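Note sheet for the following structure.
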Amino acid sequence: MSSKYLAISFCLLIIGIASVAIGQDIAYKEDPEAAKRMTLLLKDFEPHPMVHLAVHEVPRAKFPVIDIHNHVNDAQGINGDNVPPAEVVANMDRANVKTIVILTGLWGEKLQAVLDNMVKPYPGRFVVFTQMDWSKIDDSKFSAKMGQQLDDAVGRGARGLKVLKDLGLGVRDKTGKLVAIDDERMDPVWEECGRLGIPVAIHSTDPEAFFTPTDKHNERYEELMRNPTWSFYGAAFPSKEKLLEERNHVFAKHPHTNFVALHVANWPENLDAVSAWLKKYPNMSVEFGAREAELGRQPRRARQFFMEFQDRIMFGTDSEPDPKMYANYFRWLETTDEYFEYWGYPGQGRWEIYGMELPDEVLEKVYHKNAERIFAQFKDIAKAGE
Ligand SMILES: [Zn+2]
(Lines give C-alpha, C1' and ligand atoms only; values in the text may rest on other atoms or scores of the structure.)
Protein backbone atom coordinates (compact mmCIF):
# COMPACT_ATOMS: atom_id res chain seq x y z
CA MET A 1 0.00 0.00 0.00
CA SER A 2 1.46 3.37 -0.97
CA SER A 3 2.09 5.98 1.66
CA LYS A 4 -0.13 8.39 -0.28
CA TYR A 5 -3.04 5.95 -0.03
CA LEU A 6 -2.37 5.45 3.69
CA ALA A 7 -2.48 9.20 4.22
CA ILE A 8 -5.84 9.51 2.44
CA SER A 9 -7.25 6.59 4.44
CA PHE A 10 -6.07 8.18 7.66
CA CYS A 11 -7.74 11.50 6.74
CA LEU A 12 -11.05 9.72 5.98
CA LEU A 13 -10.83 7.94 9.34
CA ILE A 14 -10.38 11.28 11.14
CA ILE A 15 -13.37 12.77 9.27
CA GLY A 16 -15.42 9.68 10.19
CA ILE A 17 -14.65 9.99 13.91
CA ALA A 18 -15.32 13.73 13.81
CA SER A 19 -18.72 13.27 12.16
CA VAL A 20 -19.76 10.80 14.84
CA ALA A 21 -18.58 13.19 17.50
CA ILE A 22 -20.54 16.13 16.03
CA GLY A 23 -23.52 13.94 14.97
CA GLN A 24 -26.92 14.29 16.56
CA ASP A 25 -27.38 13.61 20.22
CA ILE A 26 -30.37 11.32 20.59
CA ALA A 27 -32.67 13.13 22.94
CA TYR A 28 -35.13 11.35 25.18
CA LYS A 29 -37.42 14.30 25.63
CA GLU A 30 -39.75 15.68 22.98
CA ASP A 31 -38.74 18.90 21.27
CA PRO A 32 -40.62 21.75 22.99
CA GLU A 33 -40.49 23.61 19.65
CA ALA A 34 -42.18 20.73 17.78
CA ALA A 35 -45.55 22.48 17.30
CA LYS A 36 -43.75 25.36 15.51
CA ARG A 37 -41.98 22.99 13.14
CA MET A 38 -45.08 20.97 12.24
CA THR A 39 -46.12 23.10 9.29
CA LEU A 40 -47.15 20.30 6.91
CA LEU A 41 -50.79 20.85 5.96
CA LEU A 42 -53.32 18.07 6.46
CA LYS A 43 -54.16 18.18 2.75
CA ASP A 44 -50.49 17.43 1.94
CA PHE A 45 -50.10 14.61 4.46
CA GLU A 46 -49.98 11.26 2.67
CA PRO A 47 -48.21 8.75 4.93
CA HIS A 48 -47.33 5.34 3.47
CA PRO A 49 -48.04 2.47 5.90
CA MET A 50 -44.81 0.62 6.65
CA VAL A 51 -46.47 -2.61 7.67
CA HIS A 52 -45.60 -5.64 5.50
CA LEU A 53 -48.66 -7.85 5.01
CA ALA A 54 -50.03 -10.57 2.77
CA VAL A 55 -52.15 -9.40 -0.15
CA HIS A 56 -54.82 -11.66 -1.63
CA GLU A 57 -56.37 -10.21 -4.75
CA VAL A 58 -59.96 -11.31 -5.47
CA PRO A 59 -60.78 -10.13 -8.99
CA ARG A 60 -63.80 -12.48 -9.22
CA ALA A 61 -66.35 -13.06 -6.50
CA LYS A 62 -66.57 -16.62 -5.22
CA PHE A 63 -70.31 -16.72 -6.09
CA PRO A 64 -72.37 -14.72 -8.60
CA VAL A 65 -73.16 -11.24 -7.32
CA ILE A 66 -76.19 -8.95 -7.44
CA ASP A 67 -75.07 -5.37 -6.83
CA ILE A 68 -78.27 -3.97 -5.37
CA HIS A 69 -77.05 -0.38 -5.06
CA ASN A 70 -75.81 1.22 -8.25
CA HIS A 71 -76.43 4.25 -10.43
CA VAL A 72 -74.65 3.29 -13.66
CA ASN A 73 -76.33 4.85 -16.72
CA ASP A 74 -79.26 5.95 -14.56
CA ALA A 75 -81.89 8.57 -15.35
CA GLN A 76 -80.39 11.21 -13.07
CA GLY A 77 -76.76 11.13 -14.20
CA ILE A 78 -75.56 10.52 -10.63
CA ASN A 79 -72.34 8.84 -11.88
CA GLY A 80 -71.81 11.43 -14.62
CA ASP A 81 -71.28 10.32 -18.21
CA ASN A 82 -72.93 7.26 -19.65
CA VAL A 83 -70.76 4.19 -20.17
CA PRO A 84 -71.42 1.99 -23.25
CA PRO A 85 -73.69 -0.77 -21.87
CA ALA A 86 -71.53 -3.49 -23.50
CA GLU A 87 -68.54 -2.17 -21.55
CA VAL A 88 -70.53 -2.31 -18.29
CA VAL A 89 -71.54 -5.91 -19.00
CA ALA A 90 -67.95 -6.91 -19.87
CA ASN A 91 -66.76 -5.47 -16.53
CA MET A 92 -69.54 -7.31 -14.72
CA ASP A 93 -68.54 -10.59 -16.39
CA ARG A 94 -64.92 -10.10 -15.33
CA ALA A 95 -65.94 -9.61 -11.68
CA ASN A 96 -68.66 -12.33 -11.63
CA VAL A 97 -71.42 -9.75 -11.15
CA LYS A 98 -74.54 -11.20 -12.71
CA THR A 99 -76.96 -8.33 -12.08
CA ILE A 100 -76.73 -4.62 -11.31
CA VAL A 101 -79.67 -2.74 -9.78
CA ILE A 102 -79.90 0.82 -11.10
CA LEU A 103 -81.75 2.59 -8.30
CA THR A 104 -82.25 6.05 -9.78
CA GLY A 105 -84.54 5.40 -12.74
CA LEU A 106 -86.93 8.36 -12.25
CA TRP A 107 -90.30 7.72 -13.95
CA GLY A 108 -92.19 8.04 -17.24
CA GLU A 109 -90.15 8.54 -20.39
CA LYS A 110 -86.84 8.94 -18.53
CA LEU A 111 -87.40 5.59 -16.84
CA GLN A 112 -88.34 4.12 -20.21
CA ALA A 113 -85.04 5.31 -21.68
CA VAL A 114 -83.05 3.48 -18.98
CA LEU A 115 -85.12 0.32 -19.46
CA ASP A 116 -84.61 0.51 -23.24
CA ASN A 117 -80.89 1.22 -22.93
CA MET A 118 -79.96 -1.31 -20.26
CA VAL A 119 -82.66 -3.91 -19.52
CA LYS A 120 -83.98 -4.70 -23.00
CA PRO A 121 -80.62 -5.53 -24.63
CA TYR A 122 -79.37 -7.39 -21.52
CA PRO A 123 -82.30 -9.17 -19.87
CA GLY A 124 -81.48 -10.36 -16.38
CA ARG A 125 -78.33 -8.25 -16.13
CA PHE A 126 -80.00 -5.03 -14.98
CA VAL A 127 -82.92 -4.12 -12.72
CA VAL A 128 -84.25 -0.56 -12.57
CA PHE A 129 -86.06 1.19 -9.71
CA THR A 130 -88.45 4.13 -10.02
CA GLN A 131 -88.71 7.28 -7.86
CA MET A 132 -91.27 9.77 -6.61
CA ASP A 133 -91.93 13.20 -8.16
CA TRP A 134 -91.55 15.47 -5.13
CA SER A 135 -92.35 18.56 -7.21
CA LYS A 136 -95.98 17.44 -6.87
CA ILE A 137 -95.92 17.34 -3.06
CA ASP A 138 -98.39 20.27 -2.75
CA ASP A 139 -100.86 18.72 -5.19
CA SER A 140 -104.04 17.83 -3.30
CA LYS A 141 -104.04 14.49 -5.17
CA PHE A 142 -100.34 13.78 -4.48
CA SER A 143 -100.93 10.29 -3.05
CA ALA A 144 -103.20 9.15 -5.87
CA LYS A 145 -100.95 10.60 -8.56
CA MET A 146 -97.85 8.97 -7.10
CA GLY A 147 -99.71 5.66 -6.86
CA GLN A 148 -100.57 5.91 -10.56
CA GLN A 149 -97.01 6.94 -11.42
CA LEU A 150 -95.72 3.90 -9.50
CA ASP A 151 -98.13 1.53 -11.28
CA ASP A 152 -97.13 3.00 -14.64
CA ALA A 153 -93.43 2.55 -13.78
CA VAL A 154 -93.90 -1.07 -12.71
CA GLY A 155 -95.96 -1.69 -15.85
CA ARG A 156 -93.00 -0.44 -17.89
CA GLY A 157 -90.61 -2.77 -16.04
CA ALA A 158 -89.42 -1.02 -12.86
CA ARG A 159 -88.92 -3.53 -10.02
CA GLY A 160 -88.60 -1.33 -6.95
CA LEU A 161 -88.97 2.17 -5.53
CA LYS A 162 -85.93 4.25 -4.56
CA VAL A 163 -86.20 7.05 -2.03
CA LEU A 164 -83.22 9.40 -1.79
CA LYS A 165 -82.14 11.22 1.36
CA ASP A 166 -83.90 14.33 0.11
CA LEU A 167 -87.00 12.96 1.83
CA GLY A 168 -86.34 14.26 5.33
CA LEU A 169 -83.47 16.56 4.42
CA GLY A 170 -84.47 18.41 1.27
CA VAL A 171 -88.10 18.07 0.15
CA ARG A 172 -90.18 21.01 1.40
CA ASP A 173 -93.84 21.78 0.92
CA LYS A 174 -95.21 25.21 0.04
CA THR A 175 -95.04 26.32 3.68
CA GLY A 176 -91.27 25.81 3.54
CA LYS A 177 -91.40 22.96 6.02
CA LEU A 178 -89.33 19.83 5.41
CA VAL A 179 -91.58 16.89 4.56
CA ALA A 180 -91.15 14.22 7.23
CA ILE A 181 -90.09 10.74 6.13
CA ASP A 182 -93.28 9.37 7.72
CA ASP A 183 -95.52 12.02 6.12
CA GLU A 184 -98.96 10.43 5.72
CA ARG A 185 -99.21 11.46 2.06
CA MET A 186 -96.76 8.64 1.28
CA ASP A 187 -98.71 5.95 3.14
CA PRO A 188 -100.73 4.78 0.10
CA VAL A 189 -97.52 4.54 -1.96
CA TRP A 190 -95.74 2.38 0.64
CA GLU A 191 -98.84 0.15 0.72
CA GLU A 192 -98.92 -0.09 -3.07
CA CYS A 193 -95.29 -1.27 -3.08
CA GLY A 194 -96.30 -4.04 -0.70
CA ARG A 195 -99.27 -4.98 -2.87
CA LEU A 196 -97.06 -5.18 -5.97
CA GLY A 197 -94.36 -7.10 -4.11
CA ILE A 198 -91.64 -4.58 -4.98
CA PRO A 199 -89.00 -3.47 -2.43
CA VAL A 200 -88.50 0.11 -1.30
CA ALA A 201 -84.82 1.08 -1.19
CA ILE A 202 -84.70 3.97 1.22
CA HIS A 203 -81.79 6.27 2.05
CA SER A 204 -82.41 8.33 5.19
CA THR A 205 -79.84 10.55 6.92
CA ASP A 206 -76.10 10.15 6.30
CA PRO A 207 -72.91 9.36 8.25
CA GLU A 208 -73.07 10.39 11.88
CA ALA A 209 -70.16 12.80 11.35
CA PHE A 210 -72.30 14.82 8.88
CA PHE A 211 -74.53 15.78 11.81
CA THR A 212 -71.65 17.12 13.95
CA PRO A 213 -69.62 20.34 13.50
CA THR A 214 -67.01 20.36 10.72
CA ASP A 215 -64.15 20.95 13.11
CA LYS A 216 -60.95 19.28 14.29
CA HIS A 217 -62.92 16.53 16.01
CA ASN A 218 -64.80 15.52 12.87
CA GLU A 219 -63.47 12.22 11.47
CA ARG A 220 -64.85 13.18 8.04
CA TYR A 221 -63.38 16.70 8.15
CA GLU A 222 -61.70 16.55 4.74
CA GLU A 223 -64.78 15.01 3.07
CA LEU A 224 -67.00 17.74 4.51
CA MET A 225 -64.55 20.46 3.51
CA ARG A 226 -64.64 19.13 -0.05
CA ASN A 227 -68.46 18.77 0.06
CA PRO A 228 -69.80 21.45 2.43
CA THR A 229 -73.44 20.81 1.39
CA TRP A 230 -73.19 17.32 2.91
CA SER A 231 -73.16 18.78 6.41
CA PHE A 232 -76.55 18.61 8.10
CA TYR A 233 -75.32 20.00 11.38
CA GLY A 234 -77.35 22.75 12.99
CA ALA A 235 -80.85 23.97 13.63
CA ALA A 236 -81.87 24.01 9.95
CA PHE A 237 -82.08 20.20 9.95
CA PRO A 238 -83.77 17.59 12.12
CA SER A 239 -81.36 15.48 14.15
CA LYS A 240 -80.12 12.17 12.75
CA GLU A 241 -81.98 10.32 15.50
CA LYS A 242 -85.26 12.10 14.68
CA LEU A 243 -84.98 11.21 10.98
CA LEU A 244 -84.17 7.57 11.72
CA GLU A 245 -87.16 7.43 14.04
CA GLU A 246 -89.42 8.74 11.26
CA ARG A 247 -88.02 6.16 8.83
CA ASN A 248 -88.48 3.32 11.30
CA HIS A 249 -92.04 4.48 11.90
CA VAL A 250 -92.70 3.82 8.19
CA PHE A 251 -91.29 0.27 8.55
CA ALA A 252 -93.59 -0.37 11.51
CA LYS A 253 -96.66 1.12 9.83
CA HIS A 254 -96.29 -0.92 6.60
CA PRO A 255 -95.40 -4.45 7.66
CA HIS A 256 -96.39 -5.95 4.29
CA THR A 257 -93.86 -3.85 2.39
CA ASN A 258 -90.18 -4.83 2.10
CA PHE A 259 -87.81 -1.98 2.95
CA VAL A 260 -84.12 -2.08 2.08
CA ALA A 261 -82.52 0.40 4.47
CA LEU A 262 -79.61 1.57 2.33
CA HIS A 263 -76.06 2.10 3.59
CA VAL A 264 -76.49 -0.34 6.51
CA ALA A 265 -79.63 1.55 7.56
CA ASN A 266 -77.33 4.57 7.57
CA TRP A 267 -75.87 3.80 10.95
CA PRO A 268 -72.99 1.36 10.35
CA GLU A 269 -71.16 3.33 13.04
CA ASN A 270 -73.66 1.81 15.48
CA LEU A 271 -74.24 -1.83 14.62
CA ASP A 272 -75.94 -2.41 17.96
CA ALA A 273 -78.69 0.00 16.89
CA VAL A 274 -79.00 -1.53 13.40
CA SER A 275 -79.15 -5.01 14.93
CA ALA A 276 -81.97 -3.96 17.26
CA TRP A 277 -83.95 -2.57 14.30
CA LEU A 278 -83.45 -5.74 12.25
CA LYS A 279 -84.88 -7.70 15.17
CA LYS A 280 -87.78 -5.30 15.59
CA TYR A 281 -88.77 -4.90 11.91
CA PRO A 282 -88.98 -8.23 10.03
CA ASN A 283 -89.75 -6.32 6.78
CA MET A 284 -86.41 -4.49 6.90
CA SER A 285 -83.14 -5.57 5.31
CA VAL A 286 -79.91 -3.70 4.62
CA GLU A 287 -77.16 -3.31 2.03
CA PHE A 288 -73.69 -1.82 2.47
CA GLY A 289 -73.17 0.50 -0.53
CA ALA A 290 -70.38 3.02 0.12
CA ARG A 291 -70.06 1.74 3.71
CA GLU A 292 -67.19 -0.70 3.17
CA ALA A 293 -65.00 1.81 5.05
CA GLU A 294 -67.34 1.94 8.04
CA LEU A 295 -67.72 -1.83 8.36
CA GLY A 296 -64.14 -2.61 7.34
CA ARG A 297 -62.66 -0.65 10.22
CA GLN A 298 -64.55 -2.82 12.78
CA PRO A 299 -64.00 -6.27 11.27
CA ARG A 300 -64.83 -8.34 14.35
CA ARG A 301 -68.06 -6.52 15.18
CA ALA A 302 -69.02 -6.42 11.51
CA ARG A 303 -68.38 -10.15 11.05
CA GLN A 304 -70.58 -10.88 14.05
CA PHE A 305 -73.26 -8.68 12.43
CA PHE A 306 -72.97 -10.57 9.12
CA MET A 307 -73.20 -13.92 10.90
CA GLU A 308 -76.24 -12.90 12.92
CA PHE A 309 -78.14 -11.24 10.06
CA GLN A 310 -76.84 -13.31 7.13
CA ASP A 311 -80.38 -13.55 5.69
CA ARG A 312 -80.95 -9.78 5.81
CA ILE A 313 -77.79 -8.23 4.33
CA MET A 314 -77.36 -7.63 0.61
CA PHE A 315 -74.35 -6.71 -1.51
CA GLY A 316 -74.35 -3.09 -2.74
CA THR A 317 -71.59 -0.70 -3.74
CA ASP A 318 -73.04 2.69 -4.76
CA SER A 319 -69.95 3.01 -6.99
CA GLU A 320 -69.24 2.93 -10.69
CA PRO A 321 -68.96 -0.74 -11.77
CA ASP A 322 -65.18 -0.77 -12.12
CA PRO A 323 -63.58 -4.25 -11.82
CA LYS A 324 -61.02 -2.81 -9.36
CA MET A 325 -63.83 -1.51 -7.15
CA TYR A 326 -65.50 -4.92 -7.09
CA ALA A 327 -62.16 -6.65 -6.37
CA ASN A 328 -61.71 -4.36 -3.37
CA TYR A 329 -65.14 -5.28 -1.94
CA PHE A 330 -64.53 -9.01 -2.56
CA ARG A 331 -61.14 -8.81 -0.80
CA TRP A 332 -62.86 -7.26 2.21
CA LEU A 333 -65.63 -9.91 2.33
CA GLU A 334 -63.60 -13.00 1.42
CA THR A 335 -60.04 -12.66 2.80
CA THR A 336 -58.25 -12.15 6.11
CA ASP A 337 -56.07 -9.37 4.67
CA GLU A 338 -55.30 -6.61 7.12
CA TYR A 339 -54.97 -2.86 6.97
CA PHE A 340 -55.68 -2.07 3.34
CA GLU A 341 -57.38 0.85 1.62
CA TYR A 342 -61.14 0.82 1.23
CA TRP A 343 -62.48 1.78 -2.18
CA GLY A 344 -62.21 5.54 -2.52
CA TYR A 345 -59.62 5.92 0.27
CA PRO A 346 -59.09 8.43 1.85
CA GLY A 347 -62.34 10.06 0.69
CA GLN A 348 -64.41 9.13 3.74
CA GLY A 349 -61.72 9.28 6.38
CA ARG A 350 -58.15 8.40 7.25
CA TRP A 351 -58.52 4.84 8.35
CA GLU A 352 -57.95 1.50 6.62
CA ILE A 353 -59.90 -1.74 6.62
CA TYR A 354 -59.58 -5.45 7.41
CA GLY A 355 -61.01 -8.50 5.66
CA MET A 356 -63.77 -10.58 7.28
CA GLU A 357 -63.32 -13.99 5.59
CA LEU A 358 -67.03 -14.74 5.60
CA PRO A 359 -67.97 -18.43 5.30
CA ASP A 360 -69.23 -19.65 1.92
CA GLU A 361 -72.86 -20.04 2.98
CA VAL A 362 -72.93 -16.44 4.21
CA LEU A 363 -71.18 -15.15 1.09
CA GLU A 364 -73.76 -16.86 -1.12
CA LYS A 365 -76.64 -15.25 0.75
CA VAL A 366 -75.06 -11.80 0.79
CA TYR A 367 -73.85 -11.98 -2.81
CA HIS A 368 -77.13 -13.04 -4.39
CA LYS A 369 -79.57 -15.28 -2.49
CA ASN A 370 -81.05 -12.59 -0.23
CA ALA A 371 -81.65 -10.21 -3.14
CA GLU A 372 -83.18 -13.00 -5.21
CA ARG A 373 -85.61 -13.84 -2.43
CA ILE A 374 -86.81 -10.22 -2.27
CA PHE A 375 -87.17 -9.84 -6.03
CA ALA A 376 -89.04 -13.17 -6.23
CA GLN A 377 -91.90 -11.54 -4.33
CA PHE A 378 -92.84 -9.39 -7.32
CA LYS A 379 -96.43 -9.91 -8.39
CA ASP A 380 -97.38 -9.33 -11.97
CA ILE A 381 -99.18 -5.99 -12.00
CA ALA A 382 -102.28 -7.43 -13.69
CA LYS A 383 -102.59 -10.06 -11.00
CA ALA A 384 -101.49 -7.97 -8.02
CA GLY A 385 -104.10 -7.76 -5.29
CA GLU A 386 -105.98 -10.83 -6.44
ZN1 LIG B 1 -76.69 5.52 -4.02
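All ligand and atom numbering here is 1-based and tracks the order in the structure. Source: prediction; values computed, not measured.
Residues Thr212 and Asn218 bring a donor and an acceptor atom of their side chains to less than 3.5 Å of each other. For the 3.5 Å distance criterion, the side chains of Lys365 and Gln310 qualify, holding a donor opposite an acceptor.
Heavy atoms from other residues, nucleotides or ligands lying under 6.0 Å from CZ of Phe237 number more than 12.
Panel note: side chain Asp318, backbone Asn70; no donor-acceptor pair is recorded below 3.5 Å.
Within the 2.8 Å limit, His263 places no N, O or S atom next to the Zn ion (ligand 1).
Between His69 atom NE2 and His71 atom NE2, the angle centred on the Zn ion (ligand 1) amounts to 110° (nearest 10°).
Closest approach between the Zn ion (ligand 1) and any N/O/S atom of Asp318 involves OD1.
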